[in-house]
Structure formats: structure tokens, C-alpha cells
2 protein chains.
Amino acid sequence: MSFDLESFLPYRLNVAATRISRRFAALYEAEAGLTVPEWRVLAHLDRSGAVSVRDIHARVHLDKSMVSRAASRLEQAGLVQKSGHDRDRRLVALELTGQGRALMHRLSQIATGFQADLIAELGPEAGALDRALTRLSGGKD
Amino acid sequence: MSFDLESFLPYRLNVAATRISRRFAALYEAEAGLTVPEWRVLAHLDRSGAVSVRDIHARVHLDKSMVSRAASRLEQAGLVQKSGHDRDRRLVALELTGQGRALMHRLSQIATGFQADLIAELGPEAGALDRALTRLSGGKD
DNA sequence: TCGATGTCATTGCTGTTGCAACGACATTAA
DNA sequence: TTAATGTCGTTGCAACAGCAATGACATCGA
């Protein structure tokens, strides 16, 4: 029997993920000209307060280099403020500016709306998808 | 209320997808030194018989350029044979060589095993995930 | 037949990604 | 203190993705 890629779970998962990721990326690209890493950094900072690059790297599944570069761009754009940590001068303290917070306010509404549409589209399977994703994020590695 | 990326569906989906995609990619990388596009082309050819670049591009969510380059590399490696279409000389006819079929035989076992592990890991949510992915691949765009 | 338009595969180009190295700094042990 | 080791953020670099342009060929209409 030959192998059927169409029904192969990793493949299907990947296709679905990039598809909806792109749909959503188009929204915040239109709203604020953000890239994916920029969006993630911004979204994380909205919750975390002042935080280091390493911290974001660990939580948001972005390489350190991307966090660093995204943060620089966001700083240029006036959305993020970068300052030094008091005790440990290796660390950077990243936090949203007023402008950054204002943007995240708008973006979080867009995101919430997008997610609501998605859940509606999923119908009864939404809850199960949620649980499945939780499982897939649990294991080692 | 601030926005929580951790529970945002598109984000979670993306993280899960890249995570398991990498896990699996490590397997066929170890087995045959393949990249993602190469794997997809190979897997598709295993089912389809002789087929054009355009065809694969349409079915496998890969840019034409990547299909083309992957096919060239696979040809170099002796896994794929590239010939011209009889009627339409713009078209290329891609098909597996004996070596390619042999490799896909091994790979499809690895893939099937991997999927089985994944489904086991998912437990009762596996079926629902499947249905959810089907829904997510249905819509326009 | 001949031109206009369209399609196919390939190639170039540019921005993005992820890894590896680097320099600055911190921490620990002697 | 000083040396050794470890961690942090940044940068360099090479591989890769996606887009646009190209050239070869096909098709359609006059």
C-alpha cells in the first residue's frame, strides 16, 4: 500500500497552521505593518511587563536572535522601550511604551475577533482541538 | 484585560505544528538526508505516478520553485526520474525510480509509525483533531 | 499561417530563519 | 584578587522561502 500524504497528520497540521497563521498575519500586517516575531514579542510584553530577551525567547518559541531583532525594530517604531537591568547589566529590560500598549489594545481586539471566527468555523470540534493542542505541547522536547 | 498569547489558537496551532514537524523531519533527515520539500515531493510521487511540477505544486502546498529545486536534488540523488511529456513539451514528467520507491517504502513505515505514536499521544482527542483539521482546510483561500 | 495571450518549469533575487560565534558581564572556586 | 566557567544579547552567516521575471512552448482567434 502506498503512503497517503493527504491524510498524514503532521502534514495536515502544518498546512492548517500556516494557512490560518497567514490569514491572521495579513490582519496585523495591515493594521500595523508587523511581522510574526514582532507580533509575538508585542503580545508577550503586553502581559509580562518588563522582561528580558531570554525570557521572551523561552516563552514564545522564537530564537533569541529573532527576539533581539524584533525588539530593535519595535524600539525604532516607538512601540517598545529597551533599558538595562539594574543588577545584571547583561540583561535588557523590554517593555511596551504607551504607543505600544495602545496598539496592542487594538490588536488584541482584532485577535480576539479572529479567534472567535475561527472557533465558529470549527463548530463543535473547537474544544477538542484545544485539548489536542494542549496535549501536543505537553511532552518532552 | 490584557491579551493572552498562550491561549491564542493560531499561535498554539503554529507552535504545535512546527514542533511535531521538526520531530518528524529529524527522522527522515536521519534516514535519507531529506529536507521538507523533498520529503513532500517524494511522498506525493509515491501515490501519483508520473506527474508535472505544477501538479505537485497544487496538491502539496509548495511553491513551484521549491518543487522544481527539490525535484532536481532528488534527481541528482537518483530517487526521481525527470522526463519530458510527450504531447506538451513544457511539462515535465516526474516519477520515482526503483531506488526512490524503495526509500519511500522505508519512509512510509517510519511515517506511519510516527503517526501512530502521535495518535497514541493524543488519546481520545485524535479523532476530533482530525475533523478539526479537515474543517480548517475546507474554506475559501 | 501568424500574432496574441496564456501556461509551464526554471532561475534570480530579497527578506527571513535558525545556528554558531562573539564580546560583555556575572558567578563561582581557589 | 584572579581564573574558570557560564549566561546574556547581538551579530555574521548560510540555508531557505516566496515572489517576480524569463524563456520555451501551447493554444486560440483572425
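Reminder, nothing fancy here: chain letters follow the sequence lines and each chain counts from 1.
Annotation: salt bridge (charged side-chain N to carboxylate O under 4.0 Å, His left out) contacts of B:Arg22 (sequence neighbours excluded): none.
When the P atom of C:dA26 is taken as reference, atom CZ of A:Arg89 falls 5 Å away, rounded to whole Å. Put simply, NE2 on A:His85 is 12 Å from C1' on C:dA26, counting in whole angstrom units. Counting to the nearest Å, the C1' atom of C:dT10 and the CD atom of B:Glu75 are 13 Å from each other. Atom C1' of nucleotide D:dT7 and atom CZ of A:Arg87 are separated by 18 Å, given to the nearest angstrom. The CG atom of B:Asp55 sits 13 Å away from the C1' atom of C:dA9 (whole-angstrom rounding). Distance B:Asn14 CG to C:dT16 P: 17 Å, rounded to the nearest Å. Computed from coordinates, the A:Arg54 CZ to C:dA26 P distance equals 17 Å when rounded to whole Å. The distance between atom CG of B:Leu94 and atom P of C:dC8, rounded to the nearest whole Å, is 14 Å.
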Could you write nucleotides 10-18 of chain D as a row of B, S and -, 5' to 3', where a protein heavy atom under 4.0 Å of any base atom gives B, of only sugar-phosphate atoms gives S, and otherwise -?
-> BBBB--SSB
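Salt bridge annotation for B:Arg135-A:Glu121: absent, with no cationic side-chain nitrogen under 4.0 angstrom from a carboxylate oxygen.
For residues 93-105 of chain A, there are no side-chain hydrogen bond (donor to acceptor under 3.5 Å, both in side chains) pairs, not counting sequence neighbours.
Residues B:Val60 and B:His44 come closest through the heavy atom pair CG2-CB, 3.8 Å.
Ring pair A:Phe8/A:Phe3: centre-to-centre distance below 6.0 Å.
Residues B:Ile56 and B:Leu91 fall into different hydrophobic clusters, defined by Ile, Leu, Val, Met, Phe, Trp and Tyr side chains chained together at heavy-atom separations under 4.5 Å.
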